[in-house]
Amino acid sequence: MVTPGPMRVLLTGSAGFIGTATATALRAAGHDVVEVDAMVPQAHSRPATPPDGVHVLDVRDADDWVDLLERTDVVCHLAAMVGVGVTVADLPLYAANNDLGTAALLAAMAKVGVSRFVQASSMVVYGEGRYRCPTHGPQATAPRRVHNLDAGQFDNTCPHCGTVLDWETVTEDAALDPRSSYAASKVAQEHYATAWARQAPARAISLRYHNVYGPGMPKDTPYSGVAAIFRSAMEAGRAPVVFEDGGQMRDFVHVDDVARANLAAVEAVSGRDPGSHTAYNVCSGRPITILDVARMVTAGQQGSPAAVVSGRYRLGDVRHIVASPARATAELGFTAAIAPAEGLARFGSDPLRD
């Protein structure tokens with residue numbers, strides 16, 4: 001893969017958790033970074049002062065950014081409402097910030113002729129992961145039933161024989177099956193990128209992040225990632241509460257690795273064919289249970305209370321979702337460098353964002 005020369009990259013969501021790490025990685029690689037952030041409170045634990053050099057702008061108003069966009073080579077779009085959605089009342093937040101914001105940004109880019117786009121997507125677009133019955137082979141799974149969850153029956157079972165299904169890794173060609181308001185908004189963002197790339201014509205990459213953690217995560221908000229929620233509980237002297245039975249399989253990827261993946265995509269998108277949009281899983285490739293995540297995070301601070309398995313559940317959560325990193329390795333040259341066993345233990349004492 002040929003690395004392009006220095007580029008001017010407009011980075012949305014630049015003052016956030018992943019945006020801050022990405023800006024650092026882009027600059028270290030020699031690129032000129034134009035930082036934009038709306039400073040929405042859900043991305044910051046409390047009202048925050050924008051860092052020096054950050055343009056406080058809303059992506060929904062991107063048509064007014066002509067002066068910034070006209071001098072841009074690539075847009076790296078990280079601005080979004082995150083989390084699975086706390087209540088149904090959050091639907092307008094996701095539709096406005098993620099769906100409308102992305103559509104407005106893409107329209108403004110087309111207007112001024114910026115034709116390279118990288119955006120943050122998420123593993124949640126898949127819904128449940130891939131499953132296989134030892135006897136009946138691959139099986140699709142419907143959303144889990146409330147009466148089963150109430151009874152503590154969390155695993156997906158084979159519709160033919162009732163056996164608990166084994167999970168398998170998900171590739172980027174899997175069907176999209178959003179099961180939360182956040183997931184629906186991320187699918188919409190990918191569809192907008194596909195339509196824009198074909199109509200402009202232009203080039204787009206979507207990066208399906210798995211569970212991102214690391215220094216600088218926002219704490220004490222209902223939209224924080226589970227690792228940060230465990231940390232906040234621990235620091236308040238409470239035991240981290242693990243939902244279901246703790247056996248949910250996930251992939252946790254360190255924010256520094258995600259920043260490296262963003263850099264790789266920014267440098268790769270120029271070489272794509274006009275009209276193309278490609279999605280990539282961004283993951284560590286080393287699955288882990290949620291209970292083990294809680295144990296690793298608490299192990300990072302001596303004397304922390306042990307995690308408690310609650311048996312509670314959230315509608316919209318999926319049982320297992322573990323992705324294959326093969327396409328990102330082959331086509332972007334990206335492989336995660338930080339194993340969850342190392343990074344999560346360190347995360348127990350990493351600084352979080354106030």
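Only heavy atoms go into these numbers, but all of them, side chains included; no hydrogens, no water, no symmetry mates. Here the structure is a predicted model, which is why all the values come from computation and not from measurement.
- For Asp273, the side-chain contact (heavy atoms from CB on, under 4.5 Å) test picks out no residue, with sequence neighbours left out.
- Of the possible donor and acceptor atoms, none in the side chain of Arg179 sits under 3.5 Å from a partner among the backbone N and O of Val124.
- For Ser14 and Asp37, the side-chain atoms include no donor-acceptor pair closer than 3.5 Å.
- Judged by distance alone, the side chain of Thr298 and the main-chain N or O of Arg295 form a donor-acceptor pair under 3.5 Å.
- No side-chain N or O of His254 forms a donor-acceptor pair with one of Glu342 less than 3.5 Å apart.
- Electrostatic pairing of Arg231 and Asp350 does not count as a salt bridge here, judged by no charged N lying under 4.0 Å from a carboxylate O.
- The closest donor-acceptor contact from the side chain of Arg60 to the backbone of Leu100 lies at 3.5 Å or more, if one exists at all.
- Asp155 and Tyr131 share no side-chain donor-acceptor pair at under 3.5 Å.
- The closest side-chain donor-acceptor pair between Asn262 and Thr22 falls under 3.5 angstrom.
- Judged purely by atom type and a 3.5 angstrom limit, Asn98 has no side-chain atom pairing as donor or acceptor with the backbone of Ala80.
- Checking Ser324 against Thr171 by side-chain atom types alone, no donor-acceptor pair falls below 3.5 Å.
- Inspection of the Ser121 and Glu190 side chains reveals an N or O donor paired with an N or O acceptor under 3.5 Å.
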Original post:
Yes or no on side chain to side chain contact (heavy atoms under 4.5 Å, CB included) for Val40 and Leu93, after CA distance, side-chain angles and deciding distance?
Top reply: CA-CA 11 Å; Val40 296; Leu93 284 173; over 6 Å; no

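- For the pair Cys283/Met123, no side-chain contact is recorded, criterion being any heavy-atom separation below 4.5 Å from C-beta on.
- Taking 4.0 Å as the cut-off between side-chain N and carboxylate O, Asp292 and Arg250 do not count as a salt-bridged pair.
- A salt bridge links Arg8 with Asp32: at least one charged nitrogen is closer than 4.0 Å to a carboxylate oxygen.
- Under the 3.5 Å distance criterion, with hydrogens and angles disregarded, a donor-acceptor pair is assigned to the side chains of Tyr126 and Arg208.
- Although no hydrogens or angles enter the test, the distance criterion places no donor-acceptor pair under 3.5 Å between the side chain of Thr289 and the main chain of Gln248.
- For the pair Arg116 (side chain) and Asp73 (backbone), a donor-acceptor distance under 3.5 Å is present.
- Judged by distance alone, with hydrogens and angles left aside, the side-chain atoms of Asp257 form a donor-acceptor pair with the main-chain N or O of Ala337 at under 3.5 Å.
- Every residue was checked against the ring pair (Phe, Tyr, Trp, His ring centres under 6.0 Å) condition with His210, not counting sequence neighbours, and none meets it.
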**OP:** Could you please spell out the steps behind the side chain to side chain contact (heavy atoms under 4.5 Å, CB included) verdict for Lys111 and Leu69?
**Re:** CA-CA 9 Å; Lys111 183 177 180 180; Leu69 286 168; over 6 Å; no

